[in-house]
Protein chains: 2
Amino acid sequence: MVRLSTTSYVVLGMVALRGPSTPYDLKRAVGHSVGYFWHFPHAQLYSEPKRLTAAGLLEVSTEETGRRRTTYSISESGLAALRKWLAEPTHEHFQMRDVAELKLFFNEVDDSRHVRELALEQVAAHEKRIAEYEDMQRRFDQPAVARRMITLRLGLEMEHAALRFWRSLAEETED
Amino acid sequence: MVRLSTTSYVVLGMVALRGPSTPYDLKRAVGHSVGYFWHFPHAQLYSEPKRLTAAGLLEVSTEETGRRRTTYSISESGLAALRKWLAEPTHEHFQMRDVAELKLFFNEVDDSRHVRELALEQVAAHEKRIAEYEDMQRRFDQPAVARRMITLRLGLEMEHAALRFWRSLAEETED
DNA sequence: GGCCAACCGTCCGAAACGGACGGTCCGAAG
DNA sequence: CTTCGGACCGTCCGTTTCGGACGGTTGGCC
């Protein structure tokens, strides 16, 4: 049995949600959904399905004509593996990767003026992201996708938390 | 000139903050500071300083006796590089990596009972993390490290946001 | 002197990363 | 009818990251 990484489950999950998909489909779908909270280089959306197919978790079908795209669909055992993972307890705490936070942490080394600039940039960035999220919420206000929109609420909470923080930092560093 | 990654700046910044350090020192220091918001495999704390030394950004000195540990300190040009980075605008948005969020996103595939379990686990995890952070705040309530404690406030904000979300989700999925 | 726990460092295979590259299809403009 | 550009689609490859296994050292305590 192959070792399944989180990467694998993202692919599995995506195919399960969307139905049969080509890597390119997945790429776009990831881009405006799961990609917001789990970074995913596109090249893996071509290689990972191959591994999963070899493991019997995905099934492949190739177009007869034209571009001969390959479409993947989830197999019984793929669905089973996915569900097993979903049911398992989750031990890992989330990981952040925030360059701004890093720079803030090392701020002692430098002029505090830059902290203010950093804070202002971050305020702008998070406001922008919040606007995007709210726009998505509006556009997908349909019962069909309601369940997968829950995640957006978490995203929004996080964004607002960050925004609050950087805003207050910007205020505190006012001259 | 070598290409500097964020990894490089973490090492540079750490040495700048702590003064001369061995990789092992860095490992422990990272473990209870920057490691909370930027994951860092220890092996890199041995290899990266080597690269940085080759680039002239760190300086090395080796113990004469006993274990012959190597201690790195930051050079003038290292400090300059670090400050340059700190002053640069930050374009990237933070990245999250949250398995729980992924599972939530794919929840449609599965029984909603598992969503509740997930939420409860997450509530516990975030409460624990918050307690850790608050403990750190209490222990390091000294002017000497005040500036680098700011980051904790952001961490706490994020944790509380997540906690709020998972708590409300747990309530909503109550039977 | 022996033993254990913390200390310290290396190595290596497997993923992940990301960006350059190259081809294909289709509609619109000339 | 031809050309052209933009979206579409996929591969490749060198570099970094990852993480965990492994192994040696040191000092204090029994």
Side-chain angles (χ1 to χ4, degrees), chain A residues 1-12 14 18 20-32 34-35 37-55 58 60-72 91-93 95-97 99 102, chain B residues 1-12 14 18 20-32 34-35 37-55 58 60-72 91-93 95-97 99 102:
Chain A
M1 196 61 195
V2 221
R3 173 114 203 85
L4 296 186
S5 63
T6 308
T7 301
S8 320
Y9 292 111
V10 172
V11 172
L12 241 30
M14 269 313 198
R18 299 186 22 97
S21 315
T22 68
Y24 189 71
D25 291 338
L26 294 178
K27 179 193 165 179
R28 275 180 316 147
V30 162
H32 49 73
V34 100
F37 52 89
W38 194 282
H39 169 77
F40 221 105
H42 65 151
Q44 260 164 279
L45 292 172
Y46 291 89
S47 56
E48 190 62 23
K50 279 182 195 155
R51 283 190 61 229
L52 294 173
T53 305
L58 289 182
V60 73
S61 83
T62 307
E63 268 181 357
E64 293 297 321
T65 70
R67 288 198 186 180
R68 309 185 54 77
R69 298 191 200 78
T70 53
T71 301
Y72 295 93
H91 299 301
E92 307 123 272
H93 194 275
Q95 268 183 41
M96 284 281 296
R97 249 146 205 267
V99 205
L102 276 183
Chain B
M1 195 62 193
V2 221
R3 173 113 202 89
L4 296 186
S5 63
T6 308
T7 301
S8 320
Y9 291 111
V10 173
V11 172
L12 240 30
M14 268 313 199
R18 297 185 27 94
S21 314
T22 68
Y24 189 70
D25 292 337
L26 293 178
K27 179 193 165 181
R28 275 180 316 147
V30 162
H32 48 73
V34 99
F37 52 89
W38 194 281
H39 169 78
F40 221 105
H42 64 148
Q44 261 164 277
L45 292 171
Y46 291 89
S47 56
E48 190 62 24
K50 279 183 195 154
R51 282 190 62 231
L52 295 174
T53 305
L58 289 181
V60 72
S61 83
T62 307
E63 268 181 355
E64 293 297 321
T65 70
R67 288 197 187 182
R68 309 187 54 77
R69 296 191 202 78
T70 54
T71 302
Y72 295 94
H91 299 301
E92 307 122 273
H93 193 274
Q95 268 184 41
M96 284 278 297
R97 244 139 210 273
V99 206
L102 275 184

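Every chain is numbered from 1, with letters handed out A, B, ... down the list of sequences.
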(message) According to side-chain contact (heavy atoms from CB on, under 4.5 Å), who are the partners of A/T22, at least two apart in sequence or on a separate chain?
(response) A/Y24, A/D25, A/R69, A/T71

(message) If the condition is side-chain contact (heavy atoms from CB on, under 4.5 Å), which residues does B/A43 pass it with, not counting sequence neighbours?
(response) none

(message) When you measure from the side-chain N and O atoms of A/T7 to the phosphate of C/dA15, is any distance below 4.0 Å, counting only OP1 and OP2?
(response) no

(request) Kindly give the heavy-atom pair with the smallest separation between A/V99 and B/W38, and that separation in Å. (result) N-CZ3, 3.9 Å

(request) Send over the distance from B/Y24 OH to D/dT25 C1', rounded to a whole Å. (result) 12 Å

(message) On DNA chain D, does the nearest nucleotide to B/R51 precede the nearest nucleotide to A/K50 from the 5' side, or the other way round? Give the residue.
(response) A/K50

(message) Tell me the interatomic distance from B/R3, atom CZ, to D/dT16, atom P, rounded to whole angstroms.
(response) 9 Å

(request) Return no unless some side-chain N or O of A/S5 is found under 4.0 Å from OP1 or OP2 of C/dA16. (result) yes

(message) Please confirm whether the shortest side-chain N or O distance from B/R69 to OP1 or OP2 of C/dG9 is below 4.0 Å.
(response) no

(message) Using heavy-atom distances to pick each residue's nearest nucleotide on DNA chain C, tell me which of B/R97 and B/K27 is more 5'.
(response) B/K27

(message) For B/H39, give me all partners under side-chain contact (heavy atoms from CB on, under 4.5 Å), at least two apart in sequence or on another chain.
(response) A/Q95, A/R97, B/P41

(message) Suppose we screen for side-chain contact (heavy atoms from CB on, under 4.5 Å). Which residues come up paired with A/S47, at least two apart in sequence or across chains?
(response) A/Q44

(message) Distance check needed: C/dC8 C1' versus B/L26 CG, whole Å only.
(response) 13 Å

(message) Short of 4.0 Å, heavy atom to strand atom, which residues of residues 37-49 of chain B count as contacting DNA chain C?
(response) B/H42, B/A43, B/Y46

(message) Closest-nucleotide mapping onto DNA chain C: is A/T6 or B/R28 further toward the 5' terminus? I mean the 5' end.
(response) B/R28

(request) Return the set of residues passing salt bridge (Lys or Arg N to Asp or Glu O under 4.0 Å) with A/R51 (not counting sequence neighbours), or none when no residue passes. (result) A/E48

